[in-house]
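A quick write-up on the structure given underneath.
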Amino acid sequence: MHRLASARNICQSSFHGISIPANNSLQSTSFSENKCLFCRKNLLGFYITENYINFRHQSTRTVSALKSLRKKAKHKNYKKYGELLEVGDKEMTETQVSISKLHASHVSKLATSPVSLGQLHQLTNKTKSDKKSPSIKQVDPELLQSVREKILKQSSVPESEKIVLEDDKCALVYTNNQIPGMEDKFKTKNYINMVKESYYNFRKATLYDQKLQDLRYAINEGLNQQFDFNVSTKEITEMEKSSESQSLPKSPHAVFRELFIENQLDSYDQELMTHISNMQAQGIAYPVIDDFCDDPALHSEITEEHEDFDFEHIEPAENMVKSLKVQKAKQELKRKKKEVRERRRAQQELSMKQDRRSLQRRGRQLALHRTLAAHLDVLCSLRMVHEGRQVLQYYRQRSSRVPDHPKVNDVKIYNTLLHGYASMGELENVKELLSFMSEDGIEPNAQTFAAVFECVHRSSIEDKNVVLKYYCEQMDSKGITLNDLVDKTNFLYDQREVVLEAIKRIQPDFKPQYTPPVLDYDCPLMEGLKLTETKAREGLNKSPAEGVVSLEELIQMGKKQLQIEIKGEIEVKNIDVKDESSPTVKFCREKLKETEDRWRQVIKEAFIRNLGTLKSQSVASHTAITLYPYLKVLEVDQFVDLIMSEMSKLVDGSETYSPTLKLLQRDLGTQVYYKYQIEQYRKNGTMAKIEEIYEKYCEWYLNRSPVDESGRAYNCRQAWQALQHRYRTGASLDIEETQWPMETRQNIGKFLYNIIINDVKIDVNMFKPKAKEKLLPAVYKVHRPWGRLVRLELKPHPVLARVWAGSARAGLRVRAALAPAAAPPAPWLSRASRAYLLTPTPLVRMPLHVQSQWKRMEEAPPETLYPALDSLNQLGEVPWAINKRILDLQLEVFRSGGNKKLDIPPPASSLDPEKFQLPGEQEGAGTKLAANAFKRRIAINRARAEMHSLWCDALYKLSLANHFRDSRFWLAHNMDFRGRVYACPPHVSALGADAARALLVFARARPLGARGLRWLRLHALNLTGRMKRATLRERLEYAERITDKILDSADHPLDGEGWWMDSEEPWQTLACCIEIANALRSSNPEEYLCAFPVHQDGSCNGLQHYAALGGDAAGAAAVNLAPAPRPQDVYSAVAALVEEARIRDAAAGLKTAQVLEGFVQRKVIKQTVMTTVYGVTRFGARLQIAKQLKDIDEFPKEHVWACSQYLTTKTFDSLREMFTSTKLIQDWFTDCAKVISGVCGESVEWVTPLGLPVVQPYYRRAPPAAAATGATPRAPLDLHMRPCTMKQRNAFPPNFIHSLDSSHMMLTGLHCQARGLTFVSVHDCFWTHPDTVDTMNEICREQFVALHSQPILNDLSEYLVKRYSYDYRELDVSTPGGANKKRVNNLLKKVPSKGDFDLNSVLKSVYFFS
């Protein structure tokens, strides 16, 4: 039982409506005003302040019992106990009482009744029973009647002192019963009245209680009532029918919303809300308030509501004892919950813009089209066109027989088959397909007639001209010209030449006129870089690889890259190779070679055998789409090579972690798809055309000579488009690839992995010379626990792992897509192109099961994507080199055992188990000793696995860097759905950690110039993380004073003073020290050729964008948007505000504030301030601050949780005070996302200022029933599931800021490229040569001002209104969902107001980026 008489910091000024003096003295309080009898009776003698404050009783035993009974659900026949507080004149006793047979309204009066505890305990007892029947609880009717009379009648109590339930706010008893009850669950009237009354009183009495979750569970589940579950299905059906006319029962949350939210608050509620506001202002830790306010039920969200019951009457005690069938009850309750949930969702569907059924229907149709297109493409490539026609006919007939089956109405599917028949010259089959299109109402396009012309020309008919003229007349009737056949279509093989010959049969003088590609931008922010702005684009005439390589070398590098991609992987030297002359190594290598040779033969035989079986099954199958054709696209030896490569990957994997079997299968199927694509490129002429265009492109890339008659300066994309337009003969390069469905790839991988699991074996006695050969599977399955789930993984046999490790292979295999490119990557032209020459690379890193953003990009005009594409191309065209000095030092540290301080991980073998000695581990005996030993083993294994993982990561990075130590390489880039840019190779890139970044330098060196050495010195000091509040002059003077330390670091990095080792970024600091030393020791530092990149970082970049969006002058000053003599540190400023609030609270006597004295430090709140702009919640912020407090040795650990809550509140309040407009904009973003996803039922989408469409990919999880096979693929998630409202609203503010962040970076990079600067970005960290830092800083500020001079929020509002608003005819509030629709329209137009910050002052801010 929970009683609330008073609590510290809750009702400090009033209690039960009674005003209390400031000194908290109760002596002068008039208790006659107190409505609560319990408080009047027990507070009379408590005049002492301390007694009054501590008069709070929490039944922790009930909570413990509740939790334990949930865990021990198998003990069904436990006694039903409630918590009773026996109140006497001088003492109070808390006792467990068996009250399972009493009604809730009776039980609530037990606290003031004259019933003895002994009588209550005697109410129930157990009778003896035999083993076959369960024990039955019986009640003494006479005793029960006596108790009822004493409780209810209370004849000896005067009428004026009788207790009424609604006045007895303090006396609340609950139990932790299971929920029985079926007969009366369909009757709701009386229960609604009861739950209104009890829930209203309950909320008043327990709103501030920290155990609200358990109380909510008790209230929602109902109080100790039992009903009969032996109800027949027929009776249940009749009761359901009788209840259909009644309204849906209201849940307790709905009742509470009606009482407290929708209706006007009474004085008591106003008092409670005032206390809540006061507590939040003081930062007092009451988690229940946050939980209660964030309850999704209060925000009209769909939740798992507890079932509502009707307690209309209480039967006599002798009829209340029924047997409880728990399993049947749970199933029935689950069914009813599902019904209620579906009805509520159906109610919400009324206001959503798209009908769910039509959405799912389009999803199924899209999935069918994707599967059919891929399958027919494979069949046509295998010249199995007739089988493709049968598949098409199967689905056409099925859609005609089954109304709900999706129809095949995609012209691309028919065009695939038409080109297949055209290649064989089978005109009759082409005519049949055209008739199918006519029957199904599918309009042919230019590609369709191109296939027809090809077929006619290849056919053996005599009157070809007559047939061609007939189809030419049909083309004219549809508005398609002969020129469209060659201008608006794509060709492979020799199709272009064949179609041209067919056209010339009927028009001999025909000359094709090709439409030139659109090269220029269509974006207001890119007006200054259009083709007409020749002066602004002069920097494009200079190659970023000028002086780095010759043309012949570049062409050879391109051919090398092409061969690497055809092979699919590269082999790099392992930097951790053992002694090859060792006898053990030789023995293991011989055994491994014998084993691999045997594997190849076994795999080939197993593949042929299983493929024959699959073919037989496909013939006998009734399914139109089978797996067999996909396993014929490659030669058998190619499949064997893939399986052997997969075996190497399995053995090289971690001992403690492996991808799940499903992921392995999917990845192997994807490799088959990539190999198939490359084989198709080789056969259909695409590869030859790529080689031709790429050679011309390399010539332009290095020499920057004009590629057309205009003579204009082009960037990478424009040059490639011009070359592609100029050399139009042969195969087309802009054909969109037909992706294989993920289910198909999964099944291909499953087929191949069955060979690995069942047929690949190893001799486990190979290390025993005299033992017989014993073959066992080389890999075995492992079921590894993963949270609440179990993962199926594959692990190599220990003997295989031993022989593999003993062979000490000299090479590591790295996939081509994960390695830097040996030549400049091909530029991005559209969403369908790729960064590499042949290897498929997605433009946007998105899961394949989400298609909305791809569709938006496909629908957008090509020129709207050009700014984002050109930014990726600009980053990809920069050549890189390896810093050999830093590489050699890192290799030395790595081979000598690593160094954690320097971020070079040591091997797992160096782990010291003695460090994991638990305190008191050797104490105790038996179970305790075993438990301690088990915990120690778990900790050691976890640490060893983590060390091994980090060591392997460093091994790959250093081995790959060592492979390119004497080479020049390029890093292709792509982006995520928000537009943030990432390098495709993960191991060697600028996005790595400190050790990885220090390995990279520009391949092209530039003279330092007059200010280059100055920037090198400043950069070295910035990397150390010191003097962040100092001016640039002070930093430079300090850097000059410590020149001897810099030179010592450069000359003696590992055996000197080690100044660089104390830096925040030690390896980059060392690299900068070496560069400074080289420059100082050169004959003329200004002419020293430097390739070292200097960084400029944004100052809390997310808050900078928020301050600029809202025009917040105070916030702008805090994040260095406004000019200032010194750099402003927003983290220190927030910490100062928090400290001021702490001092005030400490003076007022708040204990939490007093404990935090001296601990409100910058590092404690830095992460929270940094991530606030990216949507961190209060709970997440509290975890961040708690972690920082735990890391402070002097801080008392028992106060971590309360103090972290206090600091979280104060930090958010300080940010709200400092960034007023930021909070308003964040709230508007959140509210918009909430109504868009919750009311409109759609995902939030917008367009960045540079024209990139963005769609948030957060959707509800698909049910297990939605899983699919290869024959029936799953529809895209965004076309059969509604968006997840919680994720959509939480992610929209940070994602929108990220899109602005990336837009600023792209603008800066493109303008730097136009000015001839080398520019590289790591999100909000910009890199360039030391001599061009000043120019880059100028461009960076200009583009930030240009970006935020656009009406970004107004443009966003207009887009959202256009995309999501409802027509005025749908806004009638009397119609279902009308009020919500009106709310959507109003909210999307409610743009937050803007402050008076002068944006142009950013141009003069020295520390904006520094």
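Predicted, not measured: the structure shown is a model, and the values here were computed from it.
- Contact check on Arg335 versus Glu339 returns a salt bridge, with a Lys/Arg side-chain nitrogen under 4.0 Å from an Asp/Glu carboxylate oxygen.
- Counting only N and O atoms by type, the side chains of Gln1256 and Arg1289 include no donor and acceptor under 3.5 Å apart.
- Judged by distance alone, with hydrogens and angles left aside, the side-chain atoms of Asn1385 form no donor-acceptor pair with the main-chain N or O of Ser1365 at under 3.5 Å.
- Between Glu1245 and Ser852 there is no side-chain heavy-atom pair separated by less than 4.5 Å.
- With rounding to the nearest 0.5 angstrom, the CG atom of Leu1252 is 8.0 Å from the CG atom of Leu843.
- Residues Tyr676 and Asp377 have side chains that bring a donor and an acceptor to within less than 3.5 angstrom of each other.
- Among all heavy-atom pairs drawn from His369 and Val408, the shortest one is NE2-CA, 3.8 Å.
- Judged purely by atom type and a 3.5 angstrom limit, Ser1299 uses its side chain to pair as donor or acceptor with the backbone of Phe1296.
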> Going through the distances and angles, do Asn1295 and Val1254 end up as a side-chain contact (heavy atoms from CB on, under 4.5 Å)?
Replying inline: CA-CA 9 Å; Asn1295 285 342; Val1254 179; 6.0 Å; no
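- Within 6.0 Å of atom CZ in Phe1179, 12 or fewer heavy atoms from other residues, nucleotides or ligands are found, so the atom counts as exposed in its surroundings.
- With values rounded to the nearest 0.5 angstrom, Leu869 atom CG is found 6.0 Å from Met975 atom CE.
- Between Leu1300 and Pro1249, the closest heavy-atom pair is CD2-CG, 3.8 Å.
- Tested against Phe1292 for a ring pair (Phe, Tyr, Trp, His ring centres under 6.0 Å), the candidates Trp1228, Tyr1258, Phe1229 yield a single pass: Phe1229.
- Between His1323 and Tyr982, the ring planes lie perpendicular to each other; the angle is over 60°, past the 30° to 60° tilted range.
- A donor-acceptor distance shorter than 3.5 angstrom exists from the side chain of Thr1177 to the backbone of Gly1180, with no hydrogens or angles considered.
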>> Assess the residue pair Tyr673 and Thr744 against the criterion (side-chain contact (heavy atoms from CB on, under 4.5 Å)); give the C-alpha distance rounded to whole Å, side-chain angles, the decisive distance to 0.1 Å, and a yes or no.
In response: CA-CA 10 Å; Tyr673 168 65; Thr744 302; over 6 Å; no
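- Going from atom CZ of Arg980 over to atom OG of Ser1303 covers 11.5 Å, rounded to the nearest 0.5 Å.
- Distance check: Arg361 CZ to Gln365 CD gives 9.5 Å after rounding to the nearest 0.5 Å.
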>> Run Lys781 and Leu792 through side-chain contact (heavy atoms from CB on, under 4.5 Å) and show every step you take.
In response: CA-CA 7 Å; Lys781 296 180 181 179; Leu792 180 59; 3.8 Å; yes
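- Within the 3.5 Å criterion, the main-chain N or O of Lys750 finds a donor-acceptor partner in the side chain of Asn754.
- Annotation: side chain of Arg978 is not in contact with side chain of Asp1301 (no heavy-atom distance under 4.5 Å).
- With hydrogens and angles left out, the side-chain atoms of Gln393 and Arg396 include a donor and acceptor closer than 3.5 Å.
- Between Cys1232 and Tyr1364, every side-chain heavy-atom pair lies at or beyond the 4.5 Å cut-off.
- Pro1283 and Gln1288 make their closest contact through CB-NE2, 3.7 Å (heavy atoms, listed as atom of the first residue, atom of the second, distance).
- Inspection of the Asn1354 and Glu1358 side chains reveals no N or O donor paired with an N or O acceptor under 3.5 Å.
- Between Lys1223 and Asp1227, the closest side-chain pair of non-hydrogen atoms falls below 4.5 Å.
- Atoms NZ and OG, on Lys1287 and Ser1243 in that order, are 12.0 Å from each other to the nearest 0.5 Å.
- Separation of atoms CG (Leu379) and CD1 (Ile625) is listed at 9.0 Å; rounding is to 0.5 Å.
- Looking at Arg1282, its side chain does come within 3.5 Å of a backbone N or O of Gly1241 through a donor-acceptor pair.
- In this structure, the side chain of Ser399 engages the main chain of Tyr395 through a donor-acceptor pair within 3.5 Å.
- Between Ile1236 and Leu1388, some side-chain heavy-atom pair lies under the 4.5 Å cut-off.
- Between the side chain of Arg745 and the backbone N or O of Trp740, at least one donor-acceptor pair lies under 3.5 Å.
- Relative orientation of the Tyr630 and His375 rings is tilted, given thresholds of 30° and 60° on the angle between their planes.
- Across all their heavy atoms, Ser1357 and Lys1389 have their closest contact at OG-CA, 3.7 Å.
- Taking a cutoff of 4.0 Å between a charged side-chain nitrogen and a carboxylate oxygen, Lys407 and Asp440 do not qualify as a salt bridge.
- Between Trp854 and Val844, the closest side-chain pair of non-hydrogen atoms falls below 4.5 Å.
- Under a 4.0 Å N-O distance rule, the pair Lys412/Asp410 does not qualify as a salt bridge.
- Of all heavy-atom pairs spanning Pro629 and Val378, the tightest one is O-CG1, 3.8 Å.
- Side-chain atoms of Gln853 come within 3.5 Å of backbone atoms of Phe977 as a donor-acceptor pair (strictly under, hydrogens ignored).
- Residues Leu752 and Val672 are in side-chain contact: their nearest non-hydrogen atoms beyond the backbone lie under 4.5 Å apart.
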>> Run the side-chain contact (heavy atoms from CB on, under 4.5 Å) test on Glu858 and Arg831 for me, step by step, so that the C-alpha distance in whole Å, both residues' side-chain angles and the decisive distance to 0.1 Å come before the verdict.
In response: CA-CA 7 Å; Glu858 183 180 0; Arg831 75 171 190 88; 3.4 Å; yes
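- Minimum interatomic distance between Arg834 and Thr839 (heavy atoms only, all atoms of both residues): CD-O, 3.6 Å.
- Residue-environment remark: CZ (Arg1383) stays at or below the threshold of 12 foreign heavy atoms within 6.0 Å.
- Residues His973 and Trp828 fail the side-chain proximity criterion, which asks for heavy atoms closer than 4.5 Å.
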